[in-house]
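One structure below.
Residue numbering restarts at 1 for every chain, and letters A, B, ... go by the order of the sequence lines. As the structure is a prediction and not an experimental result, all values here were calculated from the model.
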Amino acid sequence: HVLLNFAYYKMSSSDSGHRKGPSAKDNPNYDLCEFLMELSAYERNVTRNTFKSNAYRSAASSLAAYPTRVTGAKEASSIKGIGKRISEKIEEFLSTGKLKKLEKIRTDDTSTALTELTRVSGVGPAKARQLYDAGITNIMELKKRTELLTHHQLIGLKYVEDFEKKIPRAEVQTIERAIRGSLSNMKQQYNMTVCGSYRRGSERSGDVDVLLTYDNVEVERKTVKLEESSSSLTKETNAKNEVAKKRKDISDGSSDEENHNKDNINTKKNRKLKADQKYTTSSPSGSSSDNKSYATNESSSPSANKESASKTNHRAMLQSVVHQLQKDNIVTDQLSLGDTKFMGVCRVPPEECYRRLDIRLLAPEHYYCGILYFTGSDLFNKDMRTQALAAGFTLNEYNIRPMGSTGVPGEPLHVNSELEVFDYIGMKYKQPSERNM
DNA sequence: TCGACGGCGCATGAGC
DNA sequence: GCTCATGCGCC
DNA sequence: GTCGA
């Protein structure tokens, strides 16, 4: 039941007892996981060696999943992700109760400063080092030097305590209801799914991760049935099912070319259409029609027009969603806002804590792969992508495509539910609650 | 022994 | 003004 | 730091 907690090393050695690492406190190797995570934070924040950091984190994760207390180096090194060096450290910890390397790190001023500063959202290892070089060693001092911070970092500083607190499940539900209520007052109706660990049934979440799509996509009932607070969604969806299906058929039939482009061109390239035209770079899976549309002048290409129109619509849509939520005093701050992703802050009274809120706007044809991906866990996703490859498909957060013998991905497959993705790759369907790997 | 280790959206600033 | 690289957070 | 080609 253990999952990687990326927020974890942001809080290590700092918080007040409610932190949840890669292992619950009842884990037989809890203390060992703790010190491995502390080493992971050190490698990330101080030495800036992400690979070492990840190695420690992955070792901690494996150890947390290990059922019994590790008794020695030999046993430790039999665990995947734990090699010679880490098993030596485990041995040292088991026999002396501490780790020399860690004791030294804990008393090192630079190290403690950098770790403290990275508690602020938007402050990573690089910014922390920069601030430290400017003479700032803790958050109190940082509050006096706000001119050094970006907008994101200012918000992160403002809510640094709140963002370290986990969100109880009941509160996520309250937030979910508030957002549903707010969005129901909009002209454009949205389908909404709260993903992340919440959807997997977790009792506490780090943030609220909302996925929206603007078409009335048929919602997968098997899943919905088992999810709390989904009765309204189910009802609404059923009522609109027929309309939805019809619309969907129409759109699928008429916009093949558009979908084709959308699915094969990554957004970065898309944004730089001009540059691509100049260099006539082909898209990763470039078919002739792709290249054609690239070579064509934007204004004279129907598909390019559609493309850019849909892009701006997305931006406008997401903006108006955020506006609505601000109007209803749900969204309080904004960290970033683009075509498809909003990151910000929300609060629903009487709760006093400010919470991290992410909203993603997905095109209907990307909806199910989207909720699949953003429901995670990340380890589950990794495993599923591997199985997809083995079954001759490539799976990402947008779609699933068959892999031709040439290694070139084919057209995105039509997906009408999460279940269908499992079916394509011959995997038994897993409820969200069964995806906690 | 030696390279891989995830990929993406958004903000920001460097460079032109 | 533009493009590109980098930092960051995210599953 | 660990894994595996």
- Taking the side chain of A:L337 as heavy atoms from C-beta outward, which of C:dG9, B:dA11, C:dC11 is closest to it? B:dA11
- Message: Would you say that A:T112 contacts A:E116 through its side chain, given a criterion of any heavy-atom pair below 4.5 Å between the two side chains?
- Response: no
- Kindly confirm or rule out a cation-pi arrangement of A:R355 over A:F163, judged by NZ or CZ under 6.0 Å from the six-membered ring centre and within 45° of its axis? no
- Query: NA contact type, A:D358, heavy-atom cut-off 4.0 Å: base, sugar-phosphate, or nothing?
  - Reply: sugar-phosphate
- Query: Which whole-number value in Å describes the distance from A:R199 CZ to C:dC11 C1'?
  - Reply: 13 Å
- Note on the structure: Of the listed D:dG1, B:dT12, B:dC10, the closest approach to the A:H151 side chain comes from B:dT12
- Item | Separation of B:dT12 C1' from A:Q130 CD (nearest whole Å) | 11 Å
- Message: So, OP1 or OP2 of C:dC10: does either fall under 4.0 Å of a side-chain N or O from A:R356?
- Response: yes
- Could you give the OH-to-C1' distance, from A:Y42 to D:dG1, as a whole number of Å? 14 Å
- Message: Looking at A:S336, I'd like to know whether one of its side-chain N or O atoms comes within less than 4.0 Å of OP1 or OP2 on B:dG9.
- Response: no
- A:R129 has an atom CZ; how far is it from atom C1' of C:dG7, in whole Å? 16 Å
- Closest of C:dC8, B:dT12, B:dG9 to the A:A126 side chain is C:dC8
- Could you state the atom-to-atom distance from CG of A:L395 to P of B:dG7 in whole Å? 14 Å
- Message: Over 60° means perpendicular and under 30° means parallel, so tell me whether A:Y429 and A:F422 are parallel, tilted or perpendicular.
- Response: perpendicular
- Check every strand shown and say whether A:T50 touches a base, only sugar-phosphate, or nothing at a heavy-atom separation below 4.0 Å. nothing
- Among C:dC11, B:dC10, D:dG1, which is the nearest nucleotide to the side chain of A:I86? D:dG1
- Task: Could you please name the option among D:dG1, B:dG6, C:dC11 that lies closest to any side-chain atom of A:A55?
- Result: D:dG1
- So which nucleotide from B:dG9, B:dT12, D:dG1 ends up closest to the side chain of A:T150? B:dT12
- Query: Can you check side chain to side chain contact (heavy atoms under 4.5 Å, CB included) on A:R435 and A:L372, steps first, answer last?
  - Reply: CA-CA 10 Å; A:R435 302 178 200 168; A:L372 179 60; 3.7 Å; yes
- Query: Atom CD1 of A:I155 and atom C1' of C:dG9: how far apart are they, to the nearest Å?
  - Reply: 16 Å
- Task: Could you tell me whether A:E397 contacts a base, only the sugar-phosphate backbone, or nothing, with contacts defined as non-hydrogen atoms closer than 4.0 Å?
- Result: sugar-phosphate
- Item | Nucleotide D:dC3, atom P - distance to CZ of A:R57 in whole Å | 16 Å
- Query: Between B:dG9, D:dT2, C:dC11, which one does the side chain of A:K341 approach most closely?
  - Reply: B:dG9
- Should the pair A:D162-A:R356 be classified as a salt bridge under the 4.0 Å nitrogen-to-oxygen rule? no
- Message: I want to check one thing: is the phosphate of C:dC11, taken as OP1 and OP2, less than 4.0 Å away from some side-chain N or O of A:K382?
- Response: no
- Ion pair A:E176/A:R180, N-O distance below 4.0 Å: yes
- When A:M343 and A:F51 are each assigned the nearest nucleotide of DNA chain B, the 5'-most assignment goes to A:F51
- Determine the Euclidean distance between corresponding P atoms of B:dG7 and D:dT2; express it in Å to zero decimal places. 23 Å
- Round to the nearest Å and state the distance from A:Y373 atom OH to B:dC8 atom P. 9 Å
